[in-house]
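Scroll down for the structure; my scribbles are underneath it.
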Amino acid sequence: MKLKTPIYSFVLFISIVLLTSWSGSKNPRMNLLDEVILPKPVSVTASGSSFELNANTKIFVNGKSVALLKTGHYLANLIKPATGFDLKVTSTSKKPNSNYIYLAISSLGPEFGNEGYKLRIDEKDVSIIANSPEGIFRGIQTLRQILPKEIEASAQQQKSWLIATGEILDYPQYGYRGAMLDVARHFFNVGDVKKYIGMLAAYKLNVLHLHLTDDQGWRIEIKSWPNLTEHGGSTEIGGGKGGFYTQEEYKEIVRYAQDRYITIIPEIDMPGHTNAALASYPELNCDGKAPELYTGNKVGFSTFCTHKESTYQFVGDVIRELAEITPGLYLHIGGDESHVTQLEDYIPFINRVQDIVLANGKKMIGWDEIAHADIKTNTIVQFWVRLENAQKGVTKKAKVILSPANKTYLDMKYDSITELGLKWAGFIEVESAYNWDPSALIPGITKKDILGIESPLWTETITNMTELEFMVFPRIIGHAEIGWTSDSLRDWDDYKVRLKKHSDRLKIKGINYYAPDVIFKAEF
Ligand code: TNX
């Protein structure tokens with residue numbers, strides 16, 4: 001039989017072409033490995049196709065968890081401005097056939113902990129699975145970064161919203177990944193703080209430490225000591241009008257942060273850094289005389305009178321009121337740079353403050369100097385400058401938070417021509433901020449001693465959000481990756497390429513980031 005005439009072969013060829021294109025996928029081919037995810041996940045596997053998010057996509061939440069439903073709405077709100085889609089959020093135990101984003105709690109291995117997640121993108125659906133709603137929230141931040149960059153726009157964009165298919169498994173290496181904002185030297189209002197919280201959440205940070213009091217201002221309402229804010233909150237560095245949060249406003253910040261799985265840790269700095277309180281209540285001073293308010297930028301000249309019982313009554317009231325409005329586990333009591341407090345006064349003071357914090361059901365954090373006191377094993381030492389203090393803390397079986405000034409201080413200048421910032425700990429270029437490993441930083445301090453890392457922004461020279469953004473970005477993105485991604489998966493040469501690509505998103509978000517040519521104009 002001679003079947004293979006040219007015309008027969010041609011028909012066969014056409015049929016095969018048509019059949020394969022009909023039965024095969026119509027979704028554009030995409031590679032999930034091309035996407036930049038910061039911080040870098042544990043593993044990414046690509047499957048070469050795409051999912052299209054459109055106006056009919058639905059968000060399905062498994063079960064009746066209120067927290068999860070809230071997170072579903074958070075996702076819908078995140079997607080809305082740029083796409084114009086008003087995605088329906090429903091809670092269900094039965095998934096539809098296709099075109100949905102599914103959020104579900106289901107048990108993943110112990111290494112995933114509270115914050116880990118599994119994100120799977122198929123042609124017909126997307127799912128995020130985690131041990132807890134917190135993990136789902138972190139997974140949503142990843143989903144956000146693999147959507148087209150225009151998702152960050154605040155106005156509606158005309159485009160198709162394709163996501164590359166594949167699977168991402170992810171969990172953090174440290175449980176504490178923080179930022180600190182000094183609202184005492186220059187005050188930042190509730191709106192600014194919320195905006196900052198939103199920025200931190202995008203990089204999976206989970207703590208915002210608020211430095212609420214210092215020589216230049218007292219920023220949190222304490223109802224039993226009203227003059228703290230009335231007088232002590234009335235100015236700031238340079239003599240501006242300062243400001244403070246009422247307890248209601250503070251609670252609003254806490255709630256906003258909670259919805260983003262960020263814990264607020266409030267700091268009342270003492271016994272030094274207390275001029276604003278000393279100026280508000282004469283009885284806190286050893287000589288019984290209130291000093292003037294202070295609007296300069298010197299440190300280390302003030303101290304509570306550690307011998308007076310009234311000091312402890314004051315501290316007791318402040319800690320009690322603060323504990324009542326703070327759902328988080330920790331209260332930060334400062335303890336740094338008490339240059340005019342004798343060590344023999346400092347130690348019993350910190351010991352008593354520690355008892356007060358514990359009696360109010362909280363754990364205490366203090367700057368590394370507190371390691372001189374009789375700290376309990378559940379007290380946390382925040383390293384900033386003295387290696388030996390951090391080591392002393394670990395000898396006393398405390399855990400440490402790492403905020404090395406020469407790597408994580410966001411108020412340090414990038415280089416000699418940076419206009420804002422200070423330089424006492426040296427210049428910190430983007431590379432230097434990224435290129436270090438927490439567990440190799442301090443001799444004798446290993447991963448098991450380290451709770452995590454935190455990036456403080458002291459605001460002696462920072463007066464508004466534009467300035468804040470310039471000092472914070474992009475360094476904090478590197479810090480977020482140090483806290484999340486294991487050291488063995490991190491590499492500067494790889495990171496700088498990803499950061500450059502990611503900067504398109506910072507532009508669309510309108511963040512005023514520092515963009516040195518060596519990274520942002522380089523051809524990699
Ligand atoms: C040191 S770090 C301080 C702050 C300053 C900062 C400026 C620390 C615990 N104390 O009071 O604002 O340097 O970089």
Side-chain angles (χ1 to χ4, degrees), residues 36-40 141-142 144-145 149-154 177-183 186 188 191-209 257 260 262 403-415 417-423 425 427-436 453-485 490 492 495-522:
V36 168
I37 303 164
L38 292 168
K40 189 177 190 166
Q141 303 311 319
T142 300
R144 176 179 182 180
Q145 291 189 8
K149 60 180 183 294
E150 292 81 3
I151 196 69
E152 299 298 346
S154 49
R177 302 176 309 281
M180 188 213 82
L181 179 61
D182 169 9
V183 295
H186 282 104
F188 287 76
D192 289 341
V193 176
K194 283 183 176 175
K195 189 171 176 202
Y196 196 36
I197 289 169
M199 294 173 181
L200 301 174
Y203 301 101
K204 302 185 174 77
L205 294 192
N206 62 6
V207 167
L208 176 61
H209 161 188
R260 285 150 188 79
I262 288 180
S403 298
N406 63 353
K407 294 289 177 191
T408 64
Y409 269 30
L410 299 169
D411 63 319
M412 291 300 125
K413 293 173 184 289
Y414 291 96
D415 63 15
I417 58 168
T418 311
E419 283 176 21
L420 298 165
L422 307 176
K423 58 179 185 190
F427 301 124
I428 309 180
E429 261 299 351
V430 182
E431 176 171 358
S432 171
Y434 180 80
N435 228 344
W436 60 284
I453 76 166
E454 184 181 292
S455 318
L457 180 67
W458 301 100
T459 58
E460 284 94 332
T461 65
I462 317 298
T463 66
N464 59 43
M465 286 306 274
T466 311
E467 293 173 354
L468 172 149
E469 287 169 15
F470 186 80
M471 298 308 278
V472 168
F473 288 95
R475 288 184 290 201
I476 203 159
I477 302 176
H479 295 155
E481 183 154 297
I482 295 173
W484 182 279
T485 311
R490 297 195 298 107
W492 166 251
Y495 174 74
K496 69 181 178 193
V497 180
R498 290 185 287 126
L499 181 62
K500 181 187 173 194
K501 248 179 121 178
H502 179 79
S503 65
D504 290 344
R505 285 169 196 258
L506 299 178
K507 273 193 208 110
I508 294 173
K509 284 196 223 187
I511 292 180
N512 177 37
Y513 65 99
Y514 164 71
D517 290 354
V518 282
I519 303 169
F520 295 93
K521 292 234 170 83

Hey, can you pull the donor-acceptor pairs under 3.5 Å for the side chains in residues 507-520, sequence neighbours left out?
from	atom 1	to	atom 2	distance (Å)
Asn512	ND2	Thr466	O	2.9
Tyr514	OH	Glu429	OE1	3.4
Tyr514	OH	Glu429	OE2	2.7

**Q.** Arg490 side chain to Trp436 backbone, donor-acceptor under 3.5 Å
**A.** yes
**Q.** Main-chain N/O of Asp182 paired to Thr459 side chain as donor or acceptor, under 3.5 Å
**A.** yes
Output all residues satisfying side-chain hydrogen bond (donor to acceptor under 3.5 Å, both in side chains) with [X], sequence neighbours left out; order by chain, then residue number.
| X | answer |
| --- | --- |
| Lys149 | none |
| Thr463 | Glu467 |
| Thr142 | Tyr117, Lys204 |
| Thr485 | none |

Could you pull out the closest heavy-atom pair between [X] and [Y], with the gap in Å?
| X | Y | value |
| --- | --- | --- |
| Tyr196 | Ala179 | OH-CB, 4.1 Å |
| Ser432 | Asn406 | OG-O, 4.2 Å |
| Leu200 | Ile476 | CD2-CD1, 3.7 Å |
| Leu499 | Val430 | CD2-CG1, 3.9 Å |

Q) Quick one: is the NZ or CZ of Arg475 closer than 6.0 Å to the six-membered ring centre of Tyr414, and within 45° of its axis? A) yes
**Q.** Phe188 and Met465, any side-chain heavy atoms less than 4.5 Å apart
**A.** yes
**Q.** Which residues share a salt bridge (Lys or Arg N to Asp or Glu O under 4.0 Å) with Arg260, sequence neighbours left out
**A.** none
